[in-house]
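Have a look at the structure below before the remarks.
We use all heavy atoms of the structure for the numbers below, so side chains are in, but hydrogens, waters and symmetry mates are not. Keep in mind that what you see is a predicted model, and the values were worked out from it rather than measured. All ligand and atom numbering here is 1-based and tracks the order in the structure.
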Amino acid sequence: MLGRVRKLTIAIDGPAGSGKSSVARRVAARLGYLYLDSGAMYRALALKSLEAGTPLEDENKIESLARETRIELRPPAPGQAGADAGNLVFLDGRDVTARIRTTEVAQAASRVATVAGVRSLLVALQQRAGANGGVVMEGRDIGTVVFPLAELKIFLDASPEVRAERRWKDNQEEGGAMTLDEMLERVRDRDRRDRERRLSPLVRASDAVLVDNTAMDVEETARLIVMLAEERRKELARTSGRES
Ligand code: CDP
Ligand code: CDP
């Protein structure tokens with residue numbers, strides 16, 4: 001029989017609307033792992049830049065702002081939300097969980113995320129947060145830069161039209177007034193910035209499993225990834241010969 005293998009580090013990367021957050025939360029809840037949303041960190045810094053009126057094109061100012069900022073991700077308090085709820089996000093001690101979820105903050109996040117000094121600070125924070133394993137972290141560069149040795153890497157994707165439609169539905173439910181075409185344009189714009197930036201662009205790691213969930217729902221996608229995680233654990237147990 002297979003023994004207990006140390007918990008895995010699971011990296012999930014992919015473009016906006018590919019389902020990273022919903023799927024990663026579910027996978028983490030099933031496996032009893034810690035869920036960490038790296039994008040929330042870029043969003044928190046973006047919110048601070050917008051509130052402070054710091055020009056997003058002024059890289060030096062954005063980098064100094066990042067250096068004097070405290071960003072913290074916490075799992076939701078027990079009983080406060082379902083087991084697969086997202087992280088609570090604190091910016092300099094203030095709960096900004098809801099405020100960072102606007103389209104404006106998302107666009108600004110993809111701009112502050114191009115600054116080298118910002119990336120090195122946030123990557124270090126992410127590496128510390130996931131250092132003990134037993135973690136599902138999602139973002140753009142988790143499998144390539146943050147945890148290049150992650151035991152399981154997933155590159156989650158879906159067609160731009162389906163991703164924009166998912167985001168548009170979310171926006172409608174929140175009372176937003178954007179049209180589907182406007183949302184598609186925003187999604188394409190952010191895709192371009194994330195894929196074409198010089199530093200840590202969004203790219204599939206060579207050892208990542210490509211999961212295209214254009215025609216799959218959240219539950220099916222999560223089930224597939226949990227299965228891949230179980231297989232990986234078995235494989236590691238076999239190759240190590242015994243539990244660790
Ligand atoms: O984190 P990311 O931007 O990659 O996507 P998300 O926020 O997890 O998903 C965006 C929306 O698409 C959510 O409302 C999900 O429930 C939905 N979704 C879906 O309908 N089918 C999927 N296979 C994945 C996500
Ligand atoms: O949920 P969604 O996919 O819309 O975006 P997010 O994961 O909250 O990330 C917001 C932005 O932060 C992205 O468009 C990226 O520019 C940036 N980001 C990044 O550069 N690296 C990460 N590991 C995560 C996010």
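- Hydrophobic clustering (ILVMFWY, side-chain heavy atoms < 4.5 Å, transitive): V211 and I12 are in one cluster.
- Ligand 2 has an N or O atom lying under 3.5 Å from an N or O atom of D194, backbone or side chain.
- Side-chain contact annotation: D95 with T97, donor-acceptor N/O pair under 3.5 Å present.
- Remark: R188 does not engage E185 in a salt bridge, criterion side-chain N to carboxylate O under 4.0 Å.
- Distances shorter than 4.0 angstrom occur between a heavy atom of R119 and an atom of ligand 2.
- A side chain to side chain contact (heavy atoms under 4.5 Å, CB included) with K48 holds for exactly one of T54, L65, V96, I100; it is L65.
- Within the 3.5 Å criterion, the main-chain N or O of V89 finds no donor-acceptor partner in the side chain of N87.
- Listed by number with element, the atoms of ligand 2 under 4.0 Å from a non-hydrogen atom of D141 are 21 (N), 22 (C), 23 (N).
- Neither side chain, Y42 nor R140, offers a donor N or O lying under 3.5 Å from an acceptor on the other.
- Note: the hydrophobic cluster containing F90 does not contain L45 (ILVMFWY, side chain heavy atoms under 4.5 Å, direct or indirect links).
- Salt bridge status for E182 with R186: absent, with no side-chain N to carboxylate O gap under 4.0 Å.
- Remark: ligand 2 atoms within the under-4.0 Å shell around heavy atoms of S110 are 14 (O), 16 (O).
- Contact annotation for R197 and ligand 2: only side-chain heavy atoms (C-beta onward) come within less than 4.0 Å of the ligand.
- With hydrogens and angles left out, the side-chain atoms of S38 and E138 include no donor and acceptor closer than 3.5 Å.
- V123 and I62 end up in the same hydrophobic cluster when Ile, Leu, Val, Met, Phe, Trp and Tyr side chains are linked at under 4.5 Å.
- Heavy-atom distances between M41 and ligand 2 stay at or above 4.0 Å for every pair.
- In summary, the atoms of ligand 2 found under 4.0 Å from a heavy atom of S38, numbered by their order in the structure, are 22 (C), 23 (N), 24 (C).
- For ligand 2, the atoms sitting less than 4.0 Å from at least one non-hydrogen atom of A113 are 16 (O), 17 (C), 20 (O), numbered in the order shown with element in parentheses.
- Contact residues of ligand 1 (protein heavy atom closer than 4.0 angstrom to a ligand atom; sorted by chain and number): P15, A16, G17, S18, G19, K20, S21, S22, R166, R167, D170, N213, M216, D217, V218, T221.
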